[in-house]
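Order of listing sets the numbers, starting from 1, for every ligand and every atom in it. Worth knowing before you read on, the calculation uses all heavy atoms, side chains too, and leaves out hydrogens, waters and symmetry mates.
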Amino acid sequence: MKRGMCIRASRFSARRLHLRPVTTHHHLSDLHAALRPGVFDLGLGHPDPALLPLDAIQRASAQAIARYGAHALGYGYATGPGPLADWLRHRIAQREGRLPDADEIAITGGISHALDQLVTLCTQPGDVALVESPTYHLAVRILRDRPLKLIAIPGGPDGLDVDALSELIGALKRQGERPSLLYCVPTFNNPTGLCWRDEVRRAVVALAERERILIVEDDAYRELAYDGDAPPSLWRIAPMGVVARLGSFSKSLAPGMRVGWITAGRDLIARVRTCGVMDSGGGPNQFATMTVAAYCEDGAFEPQVARFVETYRARRDALMRALATHLPAGWQAPTPAGGFFVWVRLPAGLSSEALLPVAEAEGVSFVPGRRFFCDGRGGNEALRLAFTLYPPAQLEEAAVRLAQAMRRCC
Ligand SMILES: Cc1ncc(COP(=O)(O)O)c(C=O)c1O
């Protein structure tokens, strides 16, 4: 794709994006995003395709065959290939100071797959799923595929309001409801980019333990830390069995690999290992997981993460500078210390949904804030911008266009 060319996948849930021009073939046609020349789409939470490690993955896939032979192409072990699980266990121990036992980790087909699986295994029809708000809107879609009642839990700049959460859980239980899980993104949140404070982490873990609620911690962005280390995961600080932490190679390697992992209590991992899907199909994405295993074992992971971090940090800084230079007064956006996104609060009276068509006419797009609230009650004064897909000069041009749209709406 030429730089400056903009992309548009299915509106806001751009999961079908394929950015490299490939030979035209009608079976591939639904892999291609419609191109929208002239629009910078800062709504897309995607890596820059120019940064994806094509050569290293090509080498690793050959290595996977050379090293593991027919195992690379067979049905996989239910909790994923040992080489990848072992590499991950030791890296987690080194980075987080807690070594998951071999029966406390499972390889997954990415966070989306793992979330779907956990919801299948850990909830019953009619259960309440507590959902941090704002939160990753497509996780909400996964939760909505089940007959669950979703309840939004307001998050602030420091994390969840633990007292309000505690009261709500009490009230739900008194009404005979069964709150069975809490879905949250405590580190470099999508959409806000913010991290929960340490006290909030500990208080939420203690509350969940007391109330016997499974915390599903979506840890997609842990590797992309731009200003020092990421805070400890909830899984790191919780007693065994309280947290299922979902990790992914989507942001630290490539989303097309469809490989991630769960660290959780051994009872839950045993349920994952023995569930029907694994019994029938074996571990997810065997060849991709073997390829990722070879890639990681050969030392390719850390340099690639460093490349993402360096590039995205510069893009974050460029976008923040451009917003400060060009947007009309009255907006606010905390600088995210990691992840993909900046959460912009608009000047009073300006609605992001009203702004969107005007912005698109100016040649810039974003995701309106309301989409990140599972009850639809919030976010109209905010919008999410991704800074990963475009280089600094184009981010600046996007900010100029956004500013122009805001002036037209005021
Ligand atoms: C918070 C969050 N969780 C999960 C995902 C998707 O993860 P995966 O590609 O591993 O399914 C994303 C991708 O945008 C995300 O932002």
Ligand 1 N/O within reach of Arg258 N/O, cut-off under 3.5 Å: yes

Within 6.0 Å of CD in Glu353, more than 12 heavy atoms from elsewhere: yes

Six-ring centre of Trp331, Arg345 cation under 6.0 angstrom, axis tolerance 45°: no

Six-ring centre of Phe341, Arg384 cation under 6.0 angstrom, axis tolerance 45°: yes

Ligand-side contact atoms (ligand 1) for residue partner Ala220, heavy atom cut-off under 4.0 Å: 2 (C), 3 (N)

Under 3.5 Å: donor-acceptor pair, side chain of Tyr390, backbone of Asp41: yes

Which of the ligand 1 atoms, numbered from 1, are nearer than 4.0 Å to a heavy atom of Asn190: 1 (C), 15 (C), 16 (O)

Polar atom proximity, Ile111 to ligand 1 (N or O, under 3.5 Å): yes

Atoms in ligand 1 flagged as close to Lys251, the criterion being non-hydrogen separation under 4.0 Å: 12 (C), 13 (C), 14 (O)

Option nearest atom 15 (C) of ligand 1 (shortest heavy-atom distance, choices Tyr221, Phe188, Phe249): Tyr221

Subset of ligand 1 atoms that lie under 4.0 Å from at least one heavy atom of Gly110: 10 (O), 11 (O)

Exercise: do Thr263 and Glu104 side chains pair donor with acceptor under 3.5 Å: no

Distance filter under 4.0 Å to Ser248 heavy atoms, resulting ligand 1 atoms: 8 (P), 10 (O)

Check: Phe249 ring centre within less than 6.0 Å of Phe301 ring centre: yes

Check: Tyr221 ring centre within less than 6.0 Å of Phe340 ring centre: yes

Any N/O pair His113/ligand 1 closer than 3.5 Å: no

